[in-house]
2 protein chains.
Amino acid sequence: MNAFQTRPLVLQPRGAIEPCSRCDARSRSVCNAIPDTELRRLGEAATTHTVASGSTFVTEGEPASAFFNITGGSAKLYKLLPDGRRQITGFVGVGHFLGLAVSATYAFSAEAIEHVRYCRFSRAKLRALLDDFPAMEKRLLQVASNELVAAQEQMLLLGRKTARERVASFLLAQSRLGVICQTPRVQFALPMTRGDIADYVGLTIETVSRTLTKLRSDGLVDIPNATDIVICNRPAMERIAEGMT
Amino acid sequence: MNAFQTRPLVLQPRGAIEPCSRCDARSRSVCNAIPDTELRRLGEAATTHTVASGSTFVTEGEPASAFFNITGGSAKLYKLLPDGRRQITGFVGVGHFLGLAVSATYAFSAEAIEHVRYCRFSRAKLRALLDDFPAMEKRLLQVASNELVAAQEQMLLLGRKTARERVASFLLAQSRLGVICQTPRVQFALPMTRGDIADYVGLTIETVSRTLTKLRSDGLVDIPNATDIVICNRPAMERIAEGMT
DNA sequence: CGGTCACTTGATCGTCTTCAATACCAGTGG
DNA sequence: CCACTGGTATTGAAGACGATCAAGTGACCG
């Protein structure tokens, strides 16, 4: 289940090639708490990196030396049990901030599922930034609060929902992120594999696959290919996701 | 499963009877980010309340008008599905801070499992406090980060662990909070019911009960009565909790 | 084309749930 | 003192949902 792990390849001073002022992630990330006039400070605190799909760029249990801000692509965060069982705790995209843990080691691993670009802040430099820009700390607290709410929602899914409800909930959540076209039907892409979905919603690959085909045969979704999904009947899907069937 | 809901009974200005300087919770809560000289500010921002066991003092979906700081007793936080399925997302005790959600409504309900005392801060007053004491905001961010780590651990439990592993993990986590006596054996109390435990670890009451008796017959725990637990073999329990059986 | 990989589909199995009965304990009132 | 009650926990038997094991399909790529 775990792809062969490679290390990040590129490493450059942040401001050199792609200043924060032109960053795709800025509008969606905590960085927008820092005023335009101070963007150089921000740029100088970070280094940019890119990793290929399948690369692990954060490893659970290793010393938590830095924080990360995703500026391109998407990744999965996960925890492992010693025998290899895996729980994906979240998928993260552009603008997401990683590694806030207070403890000395990372509590999760992160692996790119698409080519990922990110900024890396050492603990010390982020600390200095936060001290100078309390607004950024406020934003981080907001972000963390929202993630906590999402985590509780996911606990409800993992602890109490059926396979059908889990898959429906997952599809709806994904549809809210990356919509491709929005007629009455809502189409969007699933950048992750069935195995990733399974490890996220606490099922097996086979059950995810079977559940998707069942949803299709029930006329609730369309699956033009393995990576694209169309929700044909959103209200019905929402009822399913909440267990109201 | 949900007890009849009553409303909080007592409501008094915080400083009037029990100043923050003598608060049991202070050392364990975010309040300790506020210097002694400013404690009056803190006291005036809050009102104190007490609720009996079984009372719901935060309700999912209602307008999120305030934040809470537990100063006595313990409570459970949970989410419900429309058909009554319940997921307890956490048990909280003295010093715990509740209600950080950014959204307009509470994302969870809170019900006392022992007689609970708490301080209530209106959003506006907490906002003012945080603006004046950035150290408190820093502490909140730390707390939120730690809770996020705990939430991920719980996702691993709910998504990937067996019944035996879940119960063992739960007992170990509880043992780290309220130890009564610590010989080689570790005894502690479980203030919550079997039903609460079940809804926390994503099982049924029956499975929790059966699993506990199995752990006892395996000589791993002792169960002098329904509310007390003794872990007889902690290393073995830790291996079980991590799936290394 | 052969190989790999992701996905799908089928058949069987096992863990946990469900349903049901019983035990237990504290509180209440005859 | 004891029967009665309501809530909680334990235990047993049967059943279901999802896991596991296994085979087959299709896309992509050297």
Side-chain angles (χ1 to χ4, degrees), chain A residues 1-4 53-54 76 81 83-87 113-114 157-168 170 189-217 221-229 240 243 245, chain B residues 1-4 52-54 76 81 83-87 111 113-114 157-168 170 189-217 221-229 240 243 245:
Chain A
M1 188 61 72
N2 277 305
F4 181 74
S53 173
K76 57 195 177 200
L81 287 172
D83 63 4
R85 277 174 286 172
R86 185 178 68 162
Q87 178 64 39
I113 57 181
E114 298 170 315
L157 181 149
L158 292 169
R160 287 299 179 226
K161 289 188 181 178
T162 66
R164 190 175 170 87
E165 290 160 4
R166 293 181 197 210
V167 173
F170 170 76
L190 297 178
M192 68 291 291
T193 68
R194 296 287 187 271
D196 289 341
I197 298 173
D199 283 348
Y200 182 56
V201 300
L203 299 169
T204 60
I205 293 182
E206 295 92 327
T207 301
V208 169
S209 182
R210 271 186 256 272
T211 306
L212 282 171
T213 36
K214 184 66 166 43
L215 287 174
R216 182 180 53 189
S217 69
V221 304
D222 201 13
I223 311 177
N225 60 70
T227 59
D228 284 307
I229 290 279
I240 292 170
T245 43
Chain B
M1 187 64 69
N2 276 304
F4 181 73
S53 173
K76 57 194 177 200
L81 287 172
D83 63 4
R85 276 174 286 173
R86 184 179 70 163
Q87 178 65 40
E111 180 184 324
I113 57 181
E114 298 169 315
L157 181 150
L158 292 169
R160 289 296 178 229
K161 289 188 181 179
T162 66
R164 190 174 169 87
E165 291 160 5
R166 293 181 197 209
V167 172
F170 171 75
L190 297 179
M192 68 292 290
T193 67
R194 297 286 187 271
D196 288 341
I197 298 173
D199 283 346
Y200 182 55
V201 300
L203 299 170
T204 59
I205 294 182
E206 295 92 328
T207 302
V208 169
S209 181
R210 272 186 256 272
T211 306
L212 282 172
T213 35
K214 184 64 167 41
L215 287 174
R216 181 180 53 190
S217 69
V221 304
D222 200 14
I223 310 177
N225 59 69
T227 59
D228 284 306
I229 289 279
I240 292 170
T245 44

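On a predicted model such as this, the values are computed, not experimentally measured, just so you know. Chain naming here is simple, since letters A, B, ... match the order of the sequence lines and numbering starts at 1 in each.
The phosphate of D:dT10 has OP1 or OP2 within less than 4.0 Å of a side-chain N or O from B:R194. Between A:T207 and D:dC17 there is no side-chain polar atom (N or O) within less than 4.0 angstrom of OP1 or OP2. For D:dT20, neither phosphate oxygen OP1 nor OP2 lies less than 4.0 angstrom from any side-chain nitrogen or oxygen of A:T204.
Counting to the nearest Å, the P atom of D:dA27 and the CG atom of A:D228 are 15 Å from each other. Computed from coordinates, the A:K214 NZ to C:dT9 P distance equals 13 Å when rounded to whole Å. Atom pair B:I229:CD1 and D:dT10:C1' shows a separation of 14 Å (rounding to whole Å applied). Atom NZ of A:K161 and atom P of D:dG18 are 14 Å apart (whole Å). Look at CD on A:E206: it is 13 Å from P on C:dT9, rounded to the nearest Å. In this structure, the CZ atom of A:R210 is 12 Å from the C1' atom of C:dC7, given to the nearest Å. Regarding A:I205, its CD1 atom lies at a distance of 18 Å from the P atom of C:dG10, rounded to whole Å. The separation between A:R216 atom CZ and C:dC7 atom C1' is 11 Å, rounded to whole Å.
Of the residues near DNA chain C, A:R160 and A:I223, the one whose nearest nucleotide (by heavy atom distance) lies more toward the 5' end is A:I223.
Using a 4.5 Å heavy-atom cutoff, the side chains of B:L190 and B:D196 are not in contact. Side-chain contact between B:R160 and A:L158 is absent, with no heavy-atom pair separated by less than 4.5 Å. Considering only heavy atoms from C-beta on, B:L157 stays 4.5 Å or farther from B:Y200 through its side chain.
No engagement by B:L212 is indicated, since no non-hydrogen atom pair under 4.0 Å with the nucleic acid exists.
Across every non-hydrogen atom of B:R85 and A:E165, the tightest pair is NH1-OE1, 2.8 Å.
When the nucleotides C:dC16, D:dA13, D:dA19 are ranked by their closest atom to the side chain of A:L203, D:dA19 comes out on top. Among D:dA9, D:dT10, C:dT17, the nucleotide with an atom closest to any side-chain atom of B:T213 is D:dT10.
Residue side chain B:R85 does not reach the base of C:dT17 through any donor-acceptor N/O pair under 3.5 Å, judged by distance alone.
Test A:K76, A:R194, A:R86 against A:D199 for side chain to side chain donor-acceptor pair (under 3.5 Å) and you get one pass: A:R86.
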